[in-house]
Amino acid sequence: MKGLFDFSEVATYFFRKKDANRKSNFNLRAMHTINKISIVMFLLGLVYFIIKHW
């Protein structure tokens, strides 16, 4: 059950350092930006849902 609520991957996703060995391009940066926006929107929606239905 503890593994289901492990949010360390989500928390570290926003604070990762760039890998110097990996080549970066626009598509990769856009994908990560969209992922970050969607994670933030999901967490805000989850907080809103919990507060609204408490």
Side-chain angles (χ1 to χ4, degrees):
M1 192 66 151
K2 184 181 177 184
L4 293 176
F5 298 103
D6 184 19
F7 293 107
S8 62
E9 282 286 327
V10 175
T12 58
Y13 185 75
F14 290 100
F15 303 108
R16 287 184 189 165
K17 294 188 179 195
K18 295 183 179 178
D19 187 5
N21 297 330
R22 183 176 289 182
K23 190 173 127 182
S24 179
N25 60 18
F26 175 77
N27 292 331
L28 188 62
R29 286 193 317 261
M31 179 195 70
H32 284 291
T33 302
I34 291 170
N35 284 346
K36 289 176 183 179
I37 291 170
S38 65
I39 289 170
V40 168
M41 288 179 65
F42 174 76
L43 292 175
L44 288 175
L46 190 64
V47 168
Y48 175 77
F49 182 79
I50 289 171
I51 290 172
K52 186 80 172 172
H53 287 78
W54 190 297

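Here the structure is a predicted model, which means the values were calculated and not measured.
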Once you round to the nearest 0.5 Å, how far does CD1 of Ile51 lie from CG of Leu46? 10.0 Å
Single-linkage hydrophobic cluster Leu43~Ile50, side-chain heavy atoms < 4.5 angstrom: yes
Would you find more than 12 non-hydrogen atoms of other residues, nucleotides or ligands less than 6.0 Å from Tyr48 atom OH? no
Would you give the length of the straight line joining atom NZ of Lys36 to atom CD1 of Ile39, rounded to the nearest 0.5 angstrom? 9.0 Å
Just wondering, more than 12 heavy atoms not from Arg22 lying within 6.0 Å of its CZ? no
Ile34 side, atom CD1; Met41 side, atom CE - distance, nearest 0.5 Å: 12.0 Å
Got more than 12 heavy atoms from elsewhere within 6.0 Å of OH, Tyr13? yes
For the hydrophobic clusters of this structure (ILVMFWY residues joined by side-chain heavy atoms under 4.5 Å, transitively), does one cluster hold both Leu44 and Phe42? yes
Would you compute the distance between atom OG1 of Thr33 and atom CG of Leu28 and round it to the nearest 0.5 angstrom? 9.5 Å
